[in-house]
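Heads up, the thing below is written out as structure tokens.
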Number of protein chains: 2
Amino acid sequence: MPHSSPESNNSHRTMQVVNHVRALIENGTLQPGDKIPPERDLARSLKISRASLRTGIGYLAAMGVMKIRHGVGTFVADGPPDLGKASLSLIGALHGFQSWQMFEARILLESNLAALAAERGKEEHHAAMAEEVAEMFAAIKSPIEYLIHDVMFHRIIAQASGNPILAAIMETVTSSMYDKRRKTVERATDLRESAEMHREIYRAIRTRNTGEARRLMDEHLRMAQTAQGMERPMERKAGAPTRSSKPAKSRAAKP
Amino acid sequence: MPHSSPESNNSHRTMQVVNHVRALIENGTLQPGDKIPPERDLARSLKISRASLRTGIGYLAAMGVMKIRHGVGTFVADGPPDLGKASLSLIGALHGFQSWQMFEARILLESNLAALAAERGKEEHHAAMAEEVAEMFAAIKSPIEYLIHDVMFHRIIAQASGNPILAAIMETVTSSMYDKRRKTVERATDLRESAEMHREIYRAIRTRNTGEARRLMDEHLRMAQTAQGMERPMERKAGAPTRSSKPAKSRAAKP
DNA sequence: CGATTTTAGAGGTCAGACCACTTCAAGTAT
DNA sequence: ATACTTGAAGTGGTCTGACCTCTAAAATCG
């Protein structure tokens, strides 16, 4: 399974490291959670300076492919894939992303993910979801703990969708909203009602009612959005937009 | 407007650089396309070594926030935002993303984007789209050039959707498929038919027929998917999945 | 046996020299 | 004059090697 991928930018040595790791990952030598050799050793074996090696590793870490632990070692990332949690936040600042847009993206992604989960979810997923729902009801008194299971529930749905790419995207988007979500949950919204909704969503997915799953998830998230006061603002008639996003001058496709 | 964002990993100095840049971006001092000071100067002004500064800059570059040009300088990224074009490719290799999953994600995103574009698109977008459609018809004989306008057309729709986040995600996904798309287009599919479909999509969006826009985009992309033979494979009854994606737990690394 | 200290190993930072690429202006040939 | 060549300045890329900090596990002490 080839892939080429231009990887336009970056310097020679950096790419050398990235490609080396990529190769190891693709041929199965490196699996999620594995530890890679110490920088000094790896650098020597690749015939490059430790500094350059570090640049490459840093590049991979920035994209969430590697996890560096000071004093311990460098590992291949495991757990739910994401497109680099920090990126959305930075890119967002750069292009002036709005909260309601974040929510819109999340609603769109998750409602469709729920539909896919209803269509393809397996027993193991149903079981895991049921458990999280139960935990939510059990944690109605503890907002912090409730949120953990809430996140888990949505994550399981993403996995159940059978499309890890969409799951990764969702993970990236939701993790960017984690801070605000936490604050909201802490000032005690009606967790009981929230738990009920999750249960309904679970049921729709279990009974493979795709349409209902999508609808319920959509409703659930819109409610959460309202609770955080992040609805899309009124349409402005004219005048300067909050942040112009002009058609972007030429930008010819790559050669 | 604060933002916190945990940014779990990464070392002190790296974050120092990242946050410094982030601050400059957020307070408007740094805008897309701007050039930042030379490494030597910036390093001195931040009171850190050039090596550390470079680590931070590299981190930002990996996420697509900065663009480094050897011998020229380092700039804030401009053009359509993306979540780090390389990341999806790497993460994909790591988690065994399939081509059909990529396409499914793209179809889901773009069909909804088309619907949003139909709902919110402005005259400027309509005009730009019309132009690209015209260019496509004009380039029916030149696959390479056709593709450029094809990409542009979809990109404009993404902009017209009014949600830069979804647009950025789409950009990330589609750019990962660029290679294969190019190969396909080059072995001359019926470009005329393709152009016709784009025109229909354009019309649906212009007339603000959201449902039709979504349907047509969906149809258009499924057709493209079939042309590249990337449909979702038959459902397997039982046995081991191509790549298990179990709930993911511990992290253990064995020395 | 349990708490504390030591130590080995891994990543983080630093300093300064030198290499490679881009630009662009001065110089030279036609 | 015009066009090609050359060279210097500026900027990112890489290298070396020493030293710092953090973690985890082994050694030691109470």
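Naming: A, B, ... by sequence-line order, numbering from 1 per chain.
- Atom CZ in R44(B) sits roughly 15 Å away from atom P in dC14(C) (whole-Å rounding).
- Between the CG atom in N19(A) and the CD atom in E26(A) there is a gap of 9.0 Å [rounded to 0.5 Å].
- Between the side chain of S175(A) and the backbone N or O of K85(A) there is no donor-acceptor pair closer than 3.5 Å.
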Side chains of residues 126-141 of chain A: which donor-acceptor pairs under 3.5 Å do they make with residues two or more places apart or in other chains?
| residue | atom | partner | partner atom | Å |
| --- | --- | --- | --- | --- |
| E132(A) | OE1 | H149(A) | ND1 | 2.8 |

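- Each end of the helix from dC1(C)-dG30(D) to dT30(C)-dA1(D) gets its own axis from five base pairs, and the two axes differ in direction by 10°, given to 10 degrees.
- Here dG11(C) presents its P atom at 16 Å from NZ of K67(A), a figure rounded to the nearest Å.
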Inset, instruction - Give the C-alpha distance, both sets of side-chain angles, the deciding distance and a yes or no for side chain to side chain donor-acceptor pair (under 3.5 Å) between N163(B) and S161(B). - result: CA-CA 5 Å; N163(B) 190 322; S161(B) 78; 5.9 Å; no
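- Atom-to-atom distance recorded for T174(A):OG1 and L109(A):CG is 9.5 Å, nearest 0.5 angstrom.
- Residues passing the salt bridge (charged side-chain N to carboxylate O under 4.0 Å, His left out) test with D34(B), sequence neighbours excluded: none.
- Here R155(A) contributes atom CZ and L113(A) contributes atom CG; the two are 12.5 Å apart, rounded to the nearest 0.5 Å.
- At distances below 3.5 Å, at least one donor-acceptor pair connects side-chain atoms of T172(B) with backbone N or O atoms of L83(B).
- A distance of 8.0 Å separates OG in S89(B) from CE in M63(A), rounded to the nearest 0.5 Å.
- Looking at H154(B), its side chain never comes within 3.5 Å of a backbone N or O of V151(B) through a donor-acceptor pair.
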Output one line per pair: protein atom, nucleotide atom from nucleotides 19-22 of chain C, and distance, for all N/O pairs under 3.5 Å.
| residue | atom | partner | partner atom | Å |
| --- | --- | --- | --- | --- |
| dA20(C) | N3 | H70(B) | NE2 | 3.0 |

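- A close approach under 4.0 Å does occur between a side-chain nitrogen or oxygen of T74(B) and OP1 or OP2 of dG12(D).
- A straight line from CE of M15(A) to C1' of dG13(D) spans 15 Å, rounded to a whole angstrom.
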Distances for protein N or O near nucleotides 14-16 of chain D N or O, under 3.5 Å:
| residue | atom | partner | partner atom | Å |
| --- | --- | --- | --- | --- |
| dT14(D) | OP1 | R13(A) | N | 2.9 |
| dT14(D) | OP2 | S11(A) | OG | 3.3 |
| dT14(D) | O3' | R13(A) | NH1 | 3.3 |
| dC15(D) | OP2 | S49(A) | N | 3.2 |
| dC15(D) | OP2 | S49(A) | OG | 2.7 |
| dC15(D) | OP2 | S52(A) | OG | 2.4 |

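- Distance L42(B) CG to dG13(D) P: 14 Å, rounded to the nearest Å.
- With hydrogens and angles ignored, the 3.5 Å screen pairs no side-chain donor or acceptor of S11(B) with any backbone N or O of R13(B).
- Distance alone, capped at 3.5 Å, is enough to place a donor-acceptor pair between the Q101(B) side chain and the G162(A) backbone.
- Atom P of nucleotide dG10(D) and atom CD1 of I36(B) are separated by 18 Å, given to the nearest angstrom.
- Here the CD-CD distance, from Q159(A) to E171(A), works out to 9.0 Å after rounding to the nearest 0.5 Å.
- Here the C1' atom of nucleotide dT11(D) and the CD1 atom of I57(B) are 13 Å apart, to the nearest Å.
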Scan nucleotides 6-9 of chain D against the protein and return all N/O pairs shorter than 3.5 Å with their distances rounded to 0.1 Å.
none

